Amino acid sequence: MFSSASLKLWICTALVLASPAPTPVQMAERATCTVSSVASAGDLSGCTDIVITAFTVPSGSTLEITAATGATIVMKGNVEFAKTDAEGPLMHFDTKNVNFNGNGYSFIGNGELYWDTQGGNGGVYKPGPLLKFDGYGTFANFNVKNSPVQAISIGVRDGQSHFKNITVDNSDGDKDKLGHNTDGFDLGSVHDVVIQDSKVYNQDDCVAIGKGSNIVFKNNYCSGGHGISIGSISTNGYARNVTISDNTVVNNKYGLRIKVKKSATNADVTDVTYSGNTVTGASKYGVLITQSYDEDFGTPGTGSQLSGINFSGTMNTIAATGDGLKVGVDCGNCTGTWDWSALTVTSGKTSQLVLDNAKITGGSY
Ligand SMILES: *[C@@H]1O[C@H](CO)[C@@H](O)[C@H](O)[C@H]1NC(C)=O
Ligand SMILES: *[C@@H]1O[C@H](CO)[C@@H](O)[C@H](O)[C@H]1NC(C)=O
Ligand SMILES: *[C@@H]1O[C@H](CO)[C@@H](O)[C@H](O)[C@H]1NC(C)=O
Ligand SMILES: *[C@@H]1O[C@H](CO)[C@@H](O)[C@H](O)[C@H]1NC(C)=O
């Protein structure tokens, strides 16, 4: 005599054996999987719900979360990364259409155990980034504390992604300028990404949009670093259709910056709109748009092209401080009419503009 459970099992087994075709609906089960160690994340392919509990990733290890399409991922504790000489990323998300909720928990990088003022340029080996997201989904409500170098890197997307309510707090690295190259968000090769309602306290770019299209960076707070950057753009690189709106940038070297490598060819920055941003305490430039990178201002390259760089919509209010210039534009190959009607720069040293073929209308700077 079959018990009802074993009958069900028998039927399921029989169905599976009989037809590898679509699994009958009544067999679909929601599997909840707990990630409490590197090993327990080994195979998450059958998990519709993934729960990450508090644990420490040991030295030498990295944590891989390859989630099933549509999975829900929640945190129930902090994930800490022991000091390591493993290569970054120390944690990698490979996802399709997931919903990740950090519930306010943190990824703790222990950057203070590495920091020596040199960042990625030398000294103590520092793994970066701490977190890398490939694929797509919604990722919300988590913190990164003290990443050794770059905090969050966002890579190739197949769909749309939404990052919101994230705090990157590397402010401990301000002490004796020990923290360096601690970028908040780095966008590698992406499209259709929104980052909003987030805070970055660091010593390098708040966000760096290296290559991508259809990107929105809105309502974020950037403190202490190098401001909101498009770039650096290299050969074959581009940034297209980017909206930077309603952000607050406090005590950064640059407020709003576009940096294109002097050497870049077959590259462009096209259709960037700044709206409603507030910058205070920019110590080098309130706004810098340059094709001379790594230099701020120099002999710009001509192999990349900039067009459609607008300050429009809601007023952008910018204040540079100390020796900081209000606005710098260093174009070797810029074109079109740029609408700067929503730009007011209230303090800083005199702007310096080399526009090539671009024309600016409006604005007070
Ligand atoms: C943002 O995340 C924090 C926890 O880090 C949480 O308390 C807060 O409710 C979240 N805000 C929103 C709007 O979801
Ligand atoms: C520009 O990006 C926005 C936001 O991602 C998107 O809604 C819009 O369709 C894009 N525009 C074009 C012309 O692709
Ligand atoms: C400007 O850059 C574009 C895009 O890379 C390129 O096609 C064009 O030849 C460049 N113009 C000059 C004068 O170099
Ligand atoms: C930027 O401003 C110019 C001049 O007004 C306009 O032609 C262009 O469509 C604007 N670009 C965007 C992306 O709004």
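Remember, it's a predicted structure, so these values are computed and weren't measured experimentally. Whatever order the structure lists ligands and atoms in, that order sets their numbers, starting from 1.
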Check: [Y] and [X] side chains under 4.5 Å, non-hydrogen atoms:
{"X": "Ser161", "Y": "Phe139", "value": "yes"}
{"X": "Cys206", "Y": "Phe217", "value": "yes"}
{"X": "Arg240", "Y": "Asp268", "value": "yes"}

Asn165-ligand 1 polar pair, N/O distance under 3.5 Å
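Such a contact does occur with ligand 1.
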Check whether more than 12 heavy atoms from other residues, nucleotides or ligands sit under 6.0 Å from atom NZ of Lys145, and answer yes or no.
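Counting other residues, nucleotides and ligands, NZ of Lys145 exceeds 12 neighbours.
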Consider side chain to side chain donor-acceptor pair (under 3.5 Å). Of Asn181, Asp116, Thr182, which one does Lys126 pass it with?
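Only match with Lys126 under side chain to side chain donor-acceptor pair (under 3.5 Å): Asp116.
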At less than 4.0 angstrom from any non-hydrogen atom of Ala267, what atoms of ligand 3 do you find?
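Those qualifying, in numeric order: 4 (C), 5 (O).
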Which ligand 3 atoms are under 4.0 Å away from a heavy-atom of Thr302?
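That gives atoms 1 (C), 2 (O), 10 (C), 11 (N), 12 (C), 14 (O) of ligand 3.
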Side chain to side chain contact (heavy atoms under 4.5 Å, CB included) with Leu130: which of Ile152, Val144, Val168, Asn146?
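Result for side chain to side chain contact (heavy atoms under 4.5 Å, CB included) with Leu130: Val144.
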Criterion side chain to side chain contact (heavy atoms under 4.5 Å, CB included) against Gln352, the qualifying member of Asp296, Val329, Leu325, Leu288
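That would be Leu325.
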Looking at ligand 3, does any of its N/O atoms fall within less than 3.5 Å of an N/O of Asn333?
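There is such a contact, yes.
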Within this structure, what is the CG-CG distance for the pair Asn357 and Leu306, rounded to the nearest 0.5 Å?
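Nearest 0.5 Å value for the CG-CG distance: 12.5 Å.
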N/O contact list for ligand 4, threshold under 3.5 Å:
{"from": "ligand 4", "atom 1": "2 (O)", "to": "Asn310", "atom 2": "OD1", "distance (Å)": "3.1"}
{"from": "ligand 4", "atom 1": "2 (O)", "to": "Asn310", "atom 2": "ND2", "distance (Å)": "2.4"}
{"from": "ligand 4", "atom 1": "11 (N)", "to": "Asn310", "atom 2": "ND2", "distance (Å)": "2.9"}

What do we get for Asn266 next to ligand 3 when only non-hydrogen atoms under 4.0 Å count, side chain, backbone, both or neither?
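Within the 4.0 Å criterion, Asn266 contacts ligand 3 through backbone atoms alone.
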